[in-house]
Amino acid sequence: MAPKRKKVEVEEEEARAQEEVEEEDEEEEEEELAFSRNYFLAKEVGSASGKRSAARKVSEINLVDEQLLRASLSELPTKHEKEIGSLLESYKGLYSNWLFELRCGFGLLMYGFGSKKALLEDFASSTLTSYTVVVINGYLASVNLKQVMTTIAEILWEHYKCKAKRSTGKKQQTQLPNGLKSVDDIVTFIVDISDDCNCSVCLVIHNIDGPALRDPDSQQHLARVSCCSCICLVASIDHVNAPLLWDKKMVYTQFKWSWHHVPTFVPYKVEGLFNPLILFSSGHVQTTKTALVVLQSLTPNAQSVFRVLAEFQLANEKEEGMHVSELYTKCREQFLVSSQVTLNAHLTEFKDHKLVKMRRHSDGQDCLHIPLPTNALEKLLQELV
Amino acid sequence: MAKHQSSPQSASSQGANSQDANHTLEPFFVLHKAQLQATVVEKVSKSRKGRKKGIESSPKSPEKSKRTTSDEQPSNTLYEQWRFKAFNEIWSLIQSSIEGVLRDINLKLFNEVLQWIEDSFSEIKSNVKLSSSEILQPYPLLADTLCRKIPTAFVLTKNAEFVDDIQTFCDLGSHLKANRCHVANMSALDFSLKFGIGGSVRSLLRQLHSEPLDGKIADMLTLAKWYCEEENNDKPIVVMIDDMECCNADVLGNFITMLSEWVMKIPIFFIMGVATTIEAPKNMLPSDALQHLNPCKLTLGTPSDRMNSLVESVLVKVCYCFSLGHEVSVFLRNYFLRHDGTITSFISALKLACSKHFSLESVSFLGLYMLDQDSEERWSEKFVYLPESMKRCVLNLHSCKSEKNLQGGVGSIVQQLSDLKASQRFWSSVVLCLFEVARYSKMQFLDIFCEATDPKMYCMNGSENSLKKHFRCGDKNSTARSSSGVGSITRVIHTIREMPVAALSNLLDKWNNHTEEMTEINEEVKKLQSVLASVDEGKVYEENLHNIRNRKSVSVISGKGNSANEKVAMLLDAMIRKYMKPLECMTLHEIICFRDVDVLQSGLIGDPRKTIQLDLLKCHSSLSCSCCSSDAKNLSPSMHDTSIMYKLAQEFGDVINLYEWYQSFKTVLTSSSQTSRKKGRPSPASKKAKPLPPSETEALIQARFCGAVTELQISGLLRMPTKRRPDFIQRIAFGL
């Protein structure tokens with residue numbers, strides 16, 4: 001009985017969702033697959049999960065103000081601070097072994113739950129004193145690999161110049177050679193001069209699996225640089241599927257990873273700084289807010305057109321949407337638009353910002369619909385004064 | 001953020017840490033510059049070019065060591081330097097041995113390629129003779145299309161994993177360069193859709209030009225100009241593409257078509273690596289490009305052949321200063337056979353094992369002297385200056401604890417080390433003899449190696465009967481057993497019993513070389529050689545044929561087989577019993593033997609998917625706190641938030657309802673604080689906290705919830721809700 005109810009729930013949920021939003025086919029297939037798997041899981045579990053009532057919504061949680069939540073988040077006391085401290089302290093005993101492996105030509109790859117930023121930087125500042133250490137905060141989406149490579153090239157070029165000056169007695173040009181326009185060129189330049197550089201550079205990459213470094217090109221560039229004789233790599237990963245970023249050539253001949261399991265349980269404060277808060281990211285709160293921001297930036301007439309549409313939708317909840325012609329008539333009556341062209345301009349604006357969606361009415365005509373739940377729409381109209 | 005940042009020990013780095021806080025939102029920054037005096041040492045250690053070779057550079061600074069013994073920290077650094085130098089020396093020895101072996105295996109193919117290039121080049125030269133001005137003409141010569149074909153060698157790598165062949169192609173390039181060829185070693189990255197044909201030509205020119213291409217336009221005319229220069233002329237240009245099937249077909253097709261326009265003027269040859277079948281280029285390249293190729297097929301050796309040679313030369317011949325324990329050998333064998341079957345992964349695992357050995361074993365630097373002729377003198381010299389603490393390290397090695405003789409002092413330790421060295425030599429000679437038979441019967445050397453390193457096998461050697469039993473029935477515990485359940489060494493002995501006389505005679509010739517150091521055995525080998533020579537070859541051959549035909553009737557146990565074969569088998573049996581003592585059975589073996597299979601495995605295979613989940617599910621084992629229950633099923637509010645959340649997530653299916661998840665989380669955080677209040681024993685987390693107003697408590701719980709979800713998202717264990725289903729989060733990882 002229970003699985004049957006679960007199945008019905010699932011079907012209902014799907015049907016409702018299909019009415020609400022149009023999504024890409026791929027995503028649908030994936031989710032349907034997931035739900036069908038869920039059905040079997042529910043069957044395995046038996047009656048326990050079957051007792052669950054209809055799916056509850058995030059909006060049912062009594063959400064506190066986002067600002068208050070953000071403030072609480074930033075001031076959260078860390079649990080097990082003492083234990084985390086002694087865990088980090090215990091890793092200090094391994095620093096000399098890590099250095100040994102670096103000198104043997106391996107790259108260090110740190111993984112395990114918890115932020116490893118402080119650990120790696122402490123290792124670098126206390127142990128890698130004989131290296132010039134460049135730290136890349138891979139967890140930031142703003143990392144520009146070209147700038148990083150240019151900095152590395154400049155460091156190497158500095159040493160290369162000094163060496164050339166010593167051997168030839170001539171003064172070398174102070175800037176990097178011209179023609180280094182692309183990242184490829186810069187990486188090739190680094191590879192070319194690295195054998196003649198009398199220095200050691202260590203790249204410390206926090207989250208080599210981070211959003212800005214995840215693409216194959218960036219990984220290729222990092223791999224090419226990591227196998228230079230004067231460059232070594234210390235990196236951390238946090239994503240469970242991070243190893244899929246590399247092929248065998250990169251793993252065995254370029255990065256030459258030596259894996260180290262170093263769970264720290266330190267909160268991912270910096271790493272998660274730009275991640276949206278789950279309770280505010282997908283619920284109606286966020287959507288209402290974004291819709292409000294967009295609407296407030298539009299002209300009063302456009303806002304009024306939207307209000308007409310919204311009021312119609314609230315009054316006729318069972319309707320699939322409002323016909324364009326109907327909207328035009330109403331707006332014209334209220335002197336909001338003078339022609340169909342003006343209305344179309346407003347509608348294009350709405351559609352671009354996903355405030356309004358076009359769907360086919362059962363009578364065959366196109367109709368307009370605001371993809372927001374009733375309560376969210378009411379709230380939006382209240383705030384749109 | 002982290003505890004250690006504020007700890008008193010790191011007071012010196014506090015300034016830097018406060019600066020780090022400003023750096024957290026910078027995409028990148030320079031943490032610090034190198035201290036100049038140390039840079040040169042690092043460079044020497046990493047660059048193979050600058051590495052000092054030979055034993056003379058090995059650590060010997062008795063005065064220095066004497067001076068620093070009082071201070072533990074500097075002396076530790078000193079020993080670390082010694083170990084690092086020992087690693088460098090030994091790994092460079094192993095690496096040169098690996099390179100030599102791989103080069104030798106491929107030499108036949110390399111010479112074949114060279115011969116093909118020379119023949120084709122002389123043919124082209126005899127047909128077409130052009131002046132520089134003709135070559136530099138930007139338009140193609142009018143000629144028969146047949147002449148516009150580029151000679152192309154498709155090298156079948158017989159290896160689905162391409163990574164092994166990168167080095168082969170590099171070696172081939174060097175070989176051709178040394179034999180008057182211009183070589184450009186290109187890869188799939190040079191034939192990508194992103195850079196198009198321009199990128200390919202640029203890469204080609206960059207490799208051929210000795211000077212950078214500053215400002216020059218990368219086109220065929222530049223190539224033609226370069227070729228017209230006196231020092232470049234009259235040599236074939238070989239373009240090698242190691243992984244042809246990974247290239248973009250259109251870009252490669254255009255590249256071929258373009259080069260074919262110039263092939264009359266510039267003698268270009270292609271060497272392309274093909275991983276699958278010879279049909280691959282036909283299926284992949286457009287027909288107009290394909291018609292410009294004049295193909296020729298060459299084949300590389302198989303990975304198992306290469307592996308056999310590596311085992312022989314690296315693991316057996318160069319085993320005096322660094323060797324693998326039985327468990328590590330079995331792990332590496334399985335890693336090779338089951339992981340990806342590439343030589344590259346095997347070599348990188350071996351290097352990691354070597355570095356772990358020298359990094360973790362404090363007295364491993366003593367192994368370096370195994371290479372010396374006068375090892376004993378070197379050890380004696382070294383031990384005189386070693387501080388007591390280090391001598392104690394040697395005596396505290398596990399294998400020394402039962403050895404009472406060693407308490408005698410330096411002399412006895414040196415004696416044991418010499419015995420170790422001699423025993424390793426004998427062991428390696430016997431294993432080489434086994435390999436000679438295995439080569440004949442096409443067995444895998446790695447299986448024999450694993451069995452030969454097994455200390456359990458040697459323990460069974462105590463009584464003769466048990467040994468016989470072991471060899472005849474195979475060791476049940478041996479992991480290197482064949483599918484038939486018989487040990488590899490047993491199979492080797494069986495093979496000898498069934499070998500024809502000619503092969504047996506060849507075998508004895510080779511054994512004669514291998515057993516030079518074992519006088520007693522060597523004499524026996526010589527006797528057997530003379531016995532074989534004196535026997536009428538034809539008769540023996542007939543006998544042997546008869547034996548082979550009636551193989552089922554030949555009983556090895558009853559000894560009715562060929563007598564010469566039986567004698568050779570018995571000799572091998574005697575050799576194994578007397579001289580093949582696995583390293584792990586020797587005192588002081590820890591100095592040269594790496595046995596820690598767990599360390600190697602964790603360094604080699606990270607498996608973050610499993611480990612990160614385990615971290616969360618069993619956070620107590622990492623944190624070892626007193627406040628949380630060690631029982632994985634119990635949830636307490638003092639536990640790490642993300643850990644609570646992930647444990648709760650296990651109760652859901654593929655998707656998690658956010659509301660339900662939140663409510664469960666809230667219940668865990670609040671209910672137990674109530675129970676603790678009832679019990680009158682507040683948990684450490686709530687001890688200091690004052691009671692908060694409900695809204696703030698709610699905010700705190702919601703903040704913890706959001707933070708934990710973000711952490712799970714960073715770990716890749718969750719997928720965020722879609723617009724379609726905003727109240728559900730999708731789980732990604734299921735099971736460990």
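All chains are named by letter (A, B, ...) in the order of the sequence lines, taking the proteins before the strands, and each is independently numbered beginning at 1.
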*Asks:* Given the options A:Arg70, A:Lys249, A:His206, A:Lys256, which has more heavy-atom pairs under 4.5 Å with chain B than any of the others?
*Replies:* A:Lys249
*Asks:* Is A:Leu109 in contact with chain B via its backbone, its side chain, both, or neither, using a 4.5 Å heavy-atom distance?
*Replies:* neither
*Asks:* So what's closer than 4.5 Å to chain B heavy atoms on A:Lys354: side chain, backbone, both or neither?
*Replies:* side chain
*Asks:* I'd like to check A:Glu83 versus B:Ser624 (side-chain heavy atoms, cut-off strictly below 4.5 Å). Are they in contact?
*Replies:* no
*Asks:* Can you tell me how far the OG atom of B:Ser359 sits from the CG atom of A:Leu99, to the nearest 0.5 Å?
*Replies:* 9.5 Å
*Asks:* Is it the side chain or the backbone of B:Ser602 that comes within 4.5 Å of chain A heavy atoms, both, or neither?
*Replies:* backbone
*Asks:* Contact between B:Leu352 and A:Ser258 at the side-chain level, heavy atoms closer than 4.5 Å - yes or no?
*Replies:* yes
*Asks:* Please look at A:Gln147 and chain B and tell me whether the side chain, the backbone, both or neither of the residue comes under 4.5 angstrom of a heavy atom of that chain.
*Replies:* both
*Asks:* Pick from A:Leu140, A:Asp192, A:Asp217: which one has the most heavy-atom pairs with chain B under 4.5 Å?
*Replies:* A:Leu140
*Asks:* Considering only heavy atoms, which portion of B:Phe195 lies under 4.5 Å from any heavy atom of chain A: side chain, backbone, both, or neither?
*Replies:* side chain
*Asks:* Find the distance between OG (B:Ser715) and CG (A:Asn241) and round it off to the nearest 0.5 Å.
*Replies:* 11.0 Å
*Asks:* What option among A:Tyr111, A:Trp259, A:Tyr139 has the most heavy-atom pairs under 4.5 Å with chain B?
*Replies:* A:Trp259
*Asks:* Got a second to check how far B:His640's NE2 is from A:Ile84's CD1, nearest 0.5 Å?
*Replies:* 5.5 Å
*Asks:* Pick from B:Cys706, B:Gly606, B:Gly199: which one has the most heavy-atom pairs with chain A under 4.5 Å?
*Replies:* B:Gly606
*Asks:* Using only atom types and a distance under 3.5 Å, with no angle test, would you say the side chain of B:Lys351 pairs donor to acceptor with the backbone of A:Cys104?
*Replies:* yes
*Asks:* Top residue by heavy-atom pair count (under 4.5 Å) with chain B, among A:Val143, A:Val135, A:Ile205, A:Asp209?
*Replies:* A:Val135
*Asks:* Give me the atom names and distance for the closest heavy-atom approach of A:Pro276 to B:Thr710.
*Replies:* O-OG1, 4.4 Å
*Asks:* What part of B:Cys354 gets within 4.5 angstrom of chain A, counting heavy atoms only: side chain, backbone, both, or neither?
*Replies:* neither
*Asks:* How many angstroms lie between atom CD1 of B:Ile714 and atom OH of A:Tyr268, to the nearest 0.5 angstrom?
*Replies:* 6.5 Å
*Asks:* What is the distance from atom CG of A:Asn137 to atom CG of B:Leu25, rounded to the nearest 0.5 Å?
*Replies:* 8.0 Å
*Asks:* State, yes or no, whether a side-chain contact exists between B:Thr642 and A:Pro267 at a heavy-atom distance under 4.5 Å.
*Replies:* no
*Asks:* Could you tell me whether the side chain of A:Ser125 reaches within less than 4.5 Å of the side chain of B:Leu31, counting heavy atoms only?
*Replies:* yes
*Asks:* I'd like to know which of A:Ser96, A:Gly138, A:Ser126, A:Ala71 tops the heavy-atom pair count under 4.5 Å against chain B.
*Replies:* A:Ser96
*Asks:* Side chain from CB out, backbone as N, CA, C, O: work out which of these in B:Leu604 comes under 4.5 Å of a heavy atom of chain A, or both, or neither.
*Replies:* backbone
*Asks:* Check for a donor-acceptor pair, side chain of B:Tyr662 on one end and backbone N or O of A:Ile61 on the other, with a separation under 3.5 Å.
*Replies:* no
*Asks:* Distance from A:Lys82 atom NZ to B:Cys627 atom SG, nearest 0.5 Å?
*Replies:* 9.5 Å
*Asks:* Evaluate the criterion salt bridge (Lys or Arg N to Asp or Glu O under 4.0 Å) for residue pair A:Asp185 and B:Arg202; output intermediate values, then yes/no.
*Replies:* CA-CA 11 Å; A:Asp185 291 337; B:Arg202 176 167 280 275; 5.2 Å; no
*Asks:* At a heavy-atom separation under 4.5 Å, does B:Asp641 approach chain A through its side chain, its backbone, both, or neither?
*Replies:* both
*Asks:* Determine whether A:Arg103 and B:Phe87 satisfy the following criterion, side-chain contact (heavy atoms from CB on, under 4.5 Å), listing intermediate values before the conclusion.
*Replies:* CA-CA 10 Å; A:Arg103 294 169 75 193; B:Phe87 166 80; over 6 Å; no
*Asks:* Given heavy-atom pairs under 4.5 angstrom as the criterion, report whether the side chain, backbone, both or neither of B:Val30 touches chain A.
*Replies:* both
*Asks:* Between chain A and each of B:Ser348, B:Ala349, B:Cys625, count heavy-atom pairs under 4.5 Å; write down the option with the most.
*Replies:* B:Cys625
*Asks:* Is the backbone of B:Met639 close enough, under 3.5 Å, to the side chain of A:Lys79 for a donor and an acceptor to pair up by distance?
*Replies:* yes
*Asks:* Hey, does the side chain of B:Asp615 reach the backbone of A:Phe113 with a donor-acceptor pair shorter than 3.5 angstrom?
*Replies:* yes
*Asks:* Going by heavy atoms in the side chains, are B:Ser643 and A:Phe265 under 4.5 Å from each other?
*Replies:* no
*Asks:* Backbone N or O of B:Ser355 within a donor-acceptor pair of the A:Glu101 side chain at under 3.5 Å?
*Replies:* no
*Asks:* For B:Ile729, which atoms come within 4.5 Å of any heavy atom of chain A: side chain, backbone, both, or neither?
*Replies:* side chain
*Asks:* Quick check: do A:Thr188 and B:Arg206 have side-chain heavy atoms less than 4.5 Å from each other?
*Replies:* yes
*Asks:* Taking A:Ala124's backbone N and O only, do any of them form a donor-acceptor pair with B:His32's side chain (distance below 3.5 Å, no angle check)?
*Replies:* yes
*Asks:* Counting only non-hydrogen atoms closer than 4.5 Å, does B:Lys194 touch chain A with its backbone (N, CA, C, O), its side chain (CB onward), both, or neither?
*Replies:* side chain
*Asks:* With chain B as the partner, which of A:Ser142, A:Ala212, A:Gly210 has the greatest number of non-hydrogen pairs under 4.5 Å?
*Replies:* A:Ser142
*Asks:* Could you tell me which portion of B:Ile347 (side chain, backbone, both or neither) has an atom closer than 4.5 angstrom to a non-hydrogen atom of chain A?
*Replies:* neither
*Asks:* Pick one of side chain, backbone, both or neither for B:Arg704, based on which atoms fall under 4.5 Å of a heavy atom in chain A.
*Replies:* both
